[in-house]
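Report on one structure; see the data block that follows.
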Amino acid sequence: MNTVTMKWLLRREFWEYKGSMFWAPLAVAALLVLFVGGTVVYGLATHHVPTHVTINGQTLDGVKVGVTLEATRRIAQLGSSVYLGASLPLFALLTAVIFSYCLGALHDERRDRSILFWKSLPVSDGMTVLSKAITALLVAPLITIVLGTVASLLLLLISCVTLSIGGVHVFAYVLSSPDLYLSPLRLLALLPVYVVWALPAVGWLLLVSSWARAKPLIWAVGVPLIGLLLVKWISLAAANVNGEPLGLMPYAQDVVARLLGGIVPGIWFGFDGVPSAVRTDPSGAAMDGLVSSSYATLAHADAWLWALLGAAMLYAAMRLRRFRDEG
């Protein structure tokens with residue numbers, strides 16, 4: 001693969017979709033810092049430091065001016081270990097961005113006839129489709145991780161400053177906490193897991209985008225849902241005839257979840273193929289537990305079989321792009 005060509009193809013995708021991939025999450029991150037940070041400052045300025053604080057379900061009593069060193073350490077430890085939770089809205093936005101991007105990536109260029117220009121360049125259909133898959137699986141999540149980390153750090157900084165003004169000095173403990181520096185790296189370590197689980201959904205959406213002449217959203221969502229309804233109907237019919245259903249619904253639901261929900265970060269914790277220990281405690285005691293639990297989902301062959309199916313759908317999208325150039 002020509003790395004220089006791939007670099008320019010990735011730049012092309014970023015330039016064309018900079019609004020949804022960069023500016024939209026940047027705006028959401030700015031709003032998070034503005035409103036959440038403003039709420040923290042206003043609340044502590046108006047009501048002073050509270051007598052207790054609940055962080056991640058854990059309540060710390062005695063949080064007030066003159067707080068003990070042990071309580072201060074606990075506040076700093078919890079804050080530095082869970083501060084990335086503030087970036088969850090950005091990852092919800094990431095799901096919508098990747099979904100809309102994949103549906104339009106190959107369809108829009110046929111609709112506006114720009115495919116004729118791109119095909120005149122010495123770039124293969126395979127590299128073009130692969131660049132779009134890499135953009136969805138790696139580039140967009142990396143942008144979200146960076147922006148989410150920056151926004152979370154700013155909110156943590158605002159909280160520390162506000163607490164310090166109220167007499168609770170946590171700066172030293174937060175800065176000396178390993179979780180402050182390791183949490184972004186742990187989040188980044190989840191990216192390979194996300195790639196494996198999102199590959200079927202990205203492959204399906206790009207396949208529909210390369211095939212559908214019009215309304216790719218209806219095809220992408222409608223086909224799996226109609227298939228699910230047909231399986232439900234067949235199962236009910238079998239129950240009426242034989243007295244018991246065929247038991248196909250769990251498999252059909254997994255298929256729909258893979259094809260439509262695979263791009264949701266953390267979706268792997270909801271599948272039946274995941275070991276029960278992972279499903280019951282996906283977060284573990286800390287982010288280390290979250291990372292190890294996530295990688296444990298890759299020990300099941302089901303994840304890799306679906307990844308191979310996703311790769312097959314990407315290959316089909318490459319072949320379809322070679323012949324579909326109508327408007």
May I ask you to decide whether Arg319 forms a salt bridge with Asp125, counting only side-chain N to carboxylate O separations under 4.0 Å?
no
Holding to salt bridge (charged side-chain N to carboxylate O under 4.0 Å, His left out), I want the full list of residues that pass it with Glu13, two or more places apart in sequence or in another chain.
Lys132
Would you say Trp306 and Leu259 make side-chain contact, with heavy atoms under 4.5 Å?
yes
Rounded to the nearest 0.5 Å, the CD1 atom of Ile267 sits from the OG1 atom of Thr297 at a distance of 11.5 Å
Can you tell me if Tyr315 uses its side chain to pair, donor with acceptor, with the backbone of Gly310 under 3.5 Å?
no
Using every non-hydrogen atom in the two residues, find where Ser183 and Ser81 come nearest and quote the distance to one decimal.
OG-O, 4.0 Å
Check Val97 against Ser20 and note the closest heavy-atom contact, atom names and distance.
CG2-O, 3.4 Å
Say you draw a straight line from OG of Ser210 to CG of Leu314; how long is it, rounded to the nearest 0.5 Å?
9.5 Å
Between Arg11 and Trp8, is NZ or CZ placed under 6.0 angstrom from the six-membered ring centre and within 45° of the ring axis?
yes
Considering all heavy atoms, the nearest Leu260-Ala220 contact
CD2-O, 3.4 Å
Considering only Ile, Leu, Val, Met, Phe, Trp and Tyr, and joining two whenever side-chain heavy atoms are under 4.5 Å apart, list the other residues clustered with Leu31.
Leu34, Phe35
Check the pair Met6 / Leu130 against side chain to side chain contact (heavy atoms under 4.5 Å, CB included), numbers first and verdict last.
CA-CA 9 Å; Met6 179 57 67; Leu130 185 59; 4.0 Å; yes
Quick one: do Trp15 and Ile143 end up in the same hydrophobic cluster if we chain Ile, Leu, Val, Met, Phe, Trp and Tyr together by side-chain heavy atoms under 4.5 Å apart?
yes
Shared hydrophobic cluster, Leu182 / Ile145 (ILVMFWY, side-chain heavy atoms < 4.5 Å):
no
Heavy-atom closest pair, residues Ile134 and Leu10
CG2-CD2, 3.9 Å
Would a distance-only check, ignoring hydrogens and angles, find a side-chain to backbone donor-acceptor pair under 3.5 Å from Ser209 to Leu103?
yes
Flag the pair Leu298 / Trp197 as yes when at least one side-chain heavy-atom distance between them is below 4.5 Å, and no otherwise.
yes
Chi angles and distances behind the side chain to side chain contact (heavy atoms under 4.5 Å, CB included) call for His107, Val208
CA-CA 8 Å; His107 179 265; Val208 173; over 6 Å; no
Would you call the rings of Tyr194 and Trp268 parallel, tilted or perpendicular, taking 30° and 60° as the class edges?
perpendicular
To the nearest 0.5 Å, what is the distance between CE on Met21 and OH on Tyr101?
5.0 Å
Would a distance-only check, ignoring hydrogens and angles, find a side-chain to backbone donor-acceptor pair under 3.5 Å from Trp204 to Met313?
no
Would you say Val221 and Phe99 make side-chain contact, with heavy atoms under 4.5 Å?
yes
Using the side-chain contact (heavy atoms from CB on, under 4.5 Å) definition, which of the options Thr149, Val36, Leu32, Val33 pairs with Leu154?
Val33
Can a donor-acceptor pair be found, under 3.5 Å and without considering hydrogens, that links the side chain of Ser294 to the backbone of Leu290?
yes
Nearest 0.5 Å, please: how far is OG1 in Thr135 from CD1 in Ile98?
10.0 Å
Contact check, side chains of Leu206 and Met318, non-hydrogen atoms, under 4.5 Å:
no
pair Leu199-Leu308: side-chain heavy atoms closer than 4.5 Å:
no
Flag the pair Trp219 / Trp211 as yes when their ring centroid distance falls below 6.0 Å, and as no otherwise.
yes
Shared hydrophobic cluster for Val223 and Val256 (ILVMFWY, side-chain gaps under 4.5 Å):
yes
Look at the side-chain heavy atoms of Ile, Leu, Val, Met, Phe, Trp and Tyr, link any pair under 4.5 Å apart, and say whether Ile158 and Leu88 land in one connected group.
no
In this structure, OG1 of Thr128 is separated from CZ of Arg321 (nearest 0.5 Å) by 4.0 Å
Would you please test Leu157 and Phe171 for side chain to side chain contact (heavy atoms under 4.5 Å, CB included) and show each step?
CA-CA 9 Å; Leu157 175 63; Phe171 259 121; 3.6 Å; yes
Taking Arg110 for its side chain and Ala212 for its backbone only, find out whether a donor-acceptor pair lies under 3.5 Å.
yes
What distance separates Tyr83 OH from Cys160 SG, expressed to the nearest 0.5 Å?
11.0 Å
For Phe91, does its backbone N or O pair with a side-chain atom of Thr144 as donor and acceptor, under 3.5 Å?
no
Looking only at atom types and distance, does a side-chain atom of Ser87 sit under 3.5 Å from a main-chain N or O of Leu84, one as donor and one as acceptor?
yes
Flag side-chain contact, heavy atom, 4.5 Å: Pro141 against Leu94:
yes
Do the side chains of Tyr295 and Pro192 get nearer than 4.5 Å, heavy atoms only?
yes
Minimal heavy-atom distance between Val202 and Ile263, with the atoms involved, is CG2-CG2, 4.0 Å
Go through the steps for Gln253 and Val231 under the test side chain to side chain contact (heavy atoms under 4.5 Å, CB included), then give the verdict.
CA-CA 10 Å; Gln253 291 171 350; Val231 171; over 6 Å; no
Minimum heavy-atom separation for Gly79 and Leu156, please, with both atom names.
O-CD1, 3.9 Å
Donor-acceptor under 3.5 Å (Tyr181 side chain, Ser176 main chain)
no
Could you state whether Ile218 and Leu229 fall into the same hydrophobic cluster, counting links through intermediate Ile, Leu, Val, Met, Phe, Trp or Tyr residues with side-chain heavy atoms under 4.5 angstrom apart?
no
